[in-house]
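Heads up, the thing below is written out as structure tokens.
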Amino acid sequence: MLDKTGIAKRIAKELQDGWYVNLGIGIPTLVANYVPDGLNVEFQSENGILGMGAFPFEGEEDADMINAGKQTVTINPGGSIFDSVTSFAMIRGGHVQLTVLGAMEVSDTGDIANWKIPGKMVKGMGGAMDLVASADNIIVAMMHTNKRGKSKLLRQCSLPLTGVKCVRRVVTNLAVLDITPNGFKLIERAPGVSVEDIQNATEGRLIVEGDIPEMS
Amino acid sequence: MLDKTGIAKRIAKELQDGWYVNLGIGIPTLVANYVPDGLNVEFQSENGILGMGAFPFEGEEDADMINAGKQTVTINPGGSIFDSVTSFAMIRGGHVQLTVLGAMEVSDTGDIANWKIPGKMVKGMGGAMDLVASADNIIVAMMHTNKRGKSKLLRQCSLPLTGVKCVRRVVTNLAVLDITPNGFKLIERAPGVSVEDIQNATEGRLIVEGDIPEMS
Amino acid sequence: MNKVVANAEEAIKGIHDGMTLMLGGFGLCGIPENCISAMVNSGVTNLTCISNNAGVDDFGLGLLLQKKQIKKMISSYVGENDEFERQMLSGELEVDLIPQGSLAARCHAAGAGIPAFFTPAGYGTEVAEGKEVRYFNGKPHILEHAFHADFAIVKAWKGDRFGNLVFKGTARNFNPAMAMAGKITIAEVEEIVEPGELDPNFIHTPGVFIQRIFQGKDYEKRIEQRTVRPKA
Amino acid sequence: MNKVVANAEEAIKGIHDGMTLMLGGFGLCGIPENCISAMVNSGVTNLTCISNNAGVDDFGLGLLLQKKQIKKMISSYVGENDEFERQMLSGELEVDLIPQGSLAARCHAAGAGIPAFFTPAGYGTEVAEGKEVRYFNGKPHILEHAFHADFAIVKAWKGDRFGNLVFKGTARNFNPAMAMAGKITIAEVEEIVEPGELDPNFIHTPGVFIQRIFQGKDYEKRIEQRTVRPKA
């Protein structure tokens, strides 16, 4: 089974040289720490940065230099700063090659819900609806089940949607799964996790074809 | 009767302090030379300048610094340079208070034609269609009649239109006229020009109410 | 061209009860602190505020929420504010949540004379309810309309008396788009410079979009998430 | 991120007969001179070119017109070119004339993922023929669609190997919008600088929009209307 860091490390293996990548808040943010050596990848933050760098050194933080999670950050050489219109032009126009975001629910047709629990929590969608509606390559990073042990990989989302038929791959603490016309296709098992464990934790249609390798 | 300079001088009297103004090619360009003392007016050139200044001194011309007429120009302190999208955002968004442009024909309902003579001349509309469709304050600067002596102030335009019901005022070598629901309303006569001269040179509906003052 | 006014109190003249305002900023970054304070003091109320976020409990737009001066918020993300949540759940506050990119584009569209445009964002969600859907290249899009505002209030780093603005870092965010969209746009800046001091080739917001400008004071620039690494 | 290619010949690889290209520039100001020359030499033909103007007889896109490499021009203004006029009137060349602001906005829309938008420009004219009309605030608008291009070719002043670009003066014009709209965008620049040399706060076109960049040579930068005043 993977912890949050493990999920981030697994997603980092999806990165390709030359990609521009948008990382959501939470587990996705951790992906930036595990870019494979030798790969050039630029991180976009939708409040207006390309080439987002590490956190600033203590005492060098700048209130005018934050990321979409409102954290103080730095910018790498070769980075650029722009306004919100340009930032979402990049996103909507398909110039960002990979978007990684968290979710409360994902359906086996690729719908995602992550912005609202009616009557309980309404923080807003931020940039998530633009991101999921625009990019071809959406990876969801999340725990396979919620705090009450209920599956987050569903036949249909029960919460208000963020986007429809948009998720390409889901990486959880238990597995890597792709969205296919027939449901979640199991690609890899997390270390020590059996196909049965995954089946038990997945409410949506699960496709298991042949031997499912354990993540290396 | 006014010459081209006279038309430009008359239009310059329309300027108000703090206005942003777009001047078309030809007579309109001359308006910039007659801004009344004490008025702050900024000229916009739709290729991407606000605060367009005088022609450069000989030897200081810069191929990267032209106006919409492709003439080498300078920029005044407090001016700015921007791209075509932003330039037409200014225009379409109504941020330019006055547009002055030439015309081949104007109708008494405020239609304008100035970009095409079928089978003979097709240079294109450039920015004229955006300008006339967007601004409330469109002044046409032109000769009252064409080279063959035919009126350019018509009941209906015969040439392909640049815009419909958009012209507010016309300043010609003979007169100043406003577009009203009932046609061209005569506002001023050029020096030495009679109401009859203007009537003879105007094919569209002409409204003459009371004494028409001669331009001062 | 002299658009300089003395201070925030002068700048907000004409902002009346019931008006619609746009306010720049992302979280607490790049917000017009001086104008917000002046509005808290003026007591103007029943405002509709278009702003990406709603501040925190005791800063930014949170200050206007505390005093119940805001009737409706149009935002993309409103976490981080307990008083906001309380007013929203109790029904005291109307809230329209808008995808962030659509929010930016709808402000920009207003300033650019584009009344409506199609975007894929929000298709199939609550956001699309009641909106026209049309397919382009086989992909569904929804029609979104421009947002207009009686006043837009933006915060820049430097500006001149013509209203030309330059922003610093990610404090730019929504400010340039909103600057274009106000019937009257107010810019508060950290420093007013002489015309010509800002390189005309590198001005973020041309002065044509700005009607009033003043040099703000006592900027707190509060940081929401101070994240640092130790010095090596 | 290293998007640098050796020269214009490398940069235009993959531009095939029949493709649609966008080319930046206003008149002869800010045009990609090196790539145009390389395409004249490559002999690529049947091109659809989206560019505000069509060059003059012996410079800019006029060079491709001379060799009849262009099948169709999509522009806003095409005066100043006799060969162009001859080919158009004889029917050898297709021409689509587009209001300048709509041209810019349609390129930008493609790059920004906006498939269509409403604009007042062209309503009631030939430009509106066959287009949807809709009223907003009582004013008629027409629906315009995004332009897409197989390649966009832009000219900047300085750029780095990440593709970040800075333009000089009015040579900016259509270049930033078109840079966003190409499936592949080529930038030719007067000077390639190291990443970090361009201030990230003042980059006109972020590198994300650029796929290939090279340092051009022998820029002629011809002036169409040399207007000067005598030195005092």
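Just so we're on the same page: letters track the sequence lines, and every chain starts at 1. A quick note: this is a predicted structure, and the numbers were derived from the prediction, not measured.
- Across D:R222, D:H204, D:M88, D:K168, the residue that shares the most heavy-atom pairs under 4.5 angstrom with chain B is D:K168.
- Annotation: B:K185, atom NZ; neighbour count of heavy atoms from other residues, nucleotides and ligands within 6.0 Å does not exceed 12.
- In terms of modelled atom types and a separation under 3.5 Å, the side chain of B:T99 and the main chain of B:I138 share no donor-acceptor contact.
- Under 3.5 Å, the side chains of D:S90 and D:E92 contain a donor-acceptor pair of N or O atoms.
- Contact annotation for residues 140-162 of chain B against chain D (heavy-atom separation below 4.5 Å, listed by residue number): B:P160, B:L161, B:T162.
- For D:N53, the part lying under 4.5 angstrom from a heavy atom of chain B is the side chain only.
- With a 4.5 Å cut-off on non-hydrogen atoms, B:N67 touches chain D through its backbone but not through its side chain.
- Residue contact with chain D, scored on non-hydrogen atoms closer than 4.5 Å, is absent for B:I91.
- Counting heavy-atom pairs closer than 4.5 Å to chain B, the top residue among D:N173, D:N52, D:V78, D:I223 is D:N173.
- When atom types are taken as modelled, the side chain of B:S107 and the backbone of B:D111 share a donor-acceptor pair closer than 3.5 angstrom.
- Judged by distance alone, the side chain of D:H141 and the main-chain N or O of D:K139 form a donor-acceptor pair under 3.5 Å.
- Comparing D:P120, D:A171, D:S75, D:G124 by how many heavy-atom pairs each has under 4.5 Å with chain B, the most go to D:P120.
- Geometrically, D:R229 does not engage B:F55 in a cation-pi contact defined by less than 6.0 Å to the ring centre and at most 45° from the axis.
- With B:S87 contributing its side chain and B:E46 its backbone, the two residues share a donor-acceptor pair below 3.5 Å.
- Heavy-atom minimum distance, D:V133 versus D:P140: CG1-CB, 4.3 Å.
- For the set D:S102, D:G30, D:A105, the count of heavy-atom pairs under 4.5 angstrom toward chain B peaks at D:S102.
- Neither the backbone nor the side chain of B:K165 comes within less than 4.5 Å of any heavy atom of chain D.
- Between chain D and the residues B:D83, B:V164, B:D64, the most heavy-atom pairs under 4.5 angstrom are made by B:D64.
- Without hydrogens or angle criteria, B:T29 side chain to B:G24 main chain gives a donor-acceptor distance under 3.5 Å.
- Between D:E190 and D:K221 there is a salt bridge, since a side-chain N of the basic residue sits under 4.0 Å from a carboxylate O of the acidic one.
- Relative to the six-membered ring of D:Y219, D:K155 meets both conditions, a distance below 6.0 Å and an angle of at most 45° to the axis.
- In this structure, B:K70 is positioned above the aromatic face of D:F26, its NZ or CZ under 6.0 Å from the six-membered ring centre and within 45° of the axis.
- Of the atoms belonging to D:I98, it is backbone heavy atoms, and not side-chain ones, that fall under 4.5 Å from chain B.
- Interface summary for chain D: among B:G48, B:G127, B:S45, the most heavy-atom pairs under 4.5 angstrom belong to B:G127.
- For B:A68, the parts sitting under 4.5 Å from any heavy atom of chain D are the backbone and the side chain alike.
- Neither the backbone nor the side chain of B:V132 comes within contact range of chain D; no heavy atom of the residue lies under 4.5 Å from a heavy atom of that chain.
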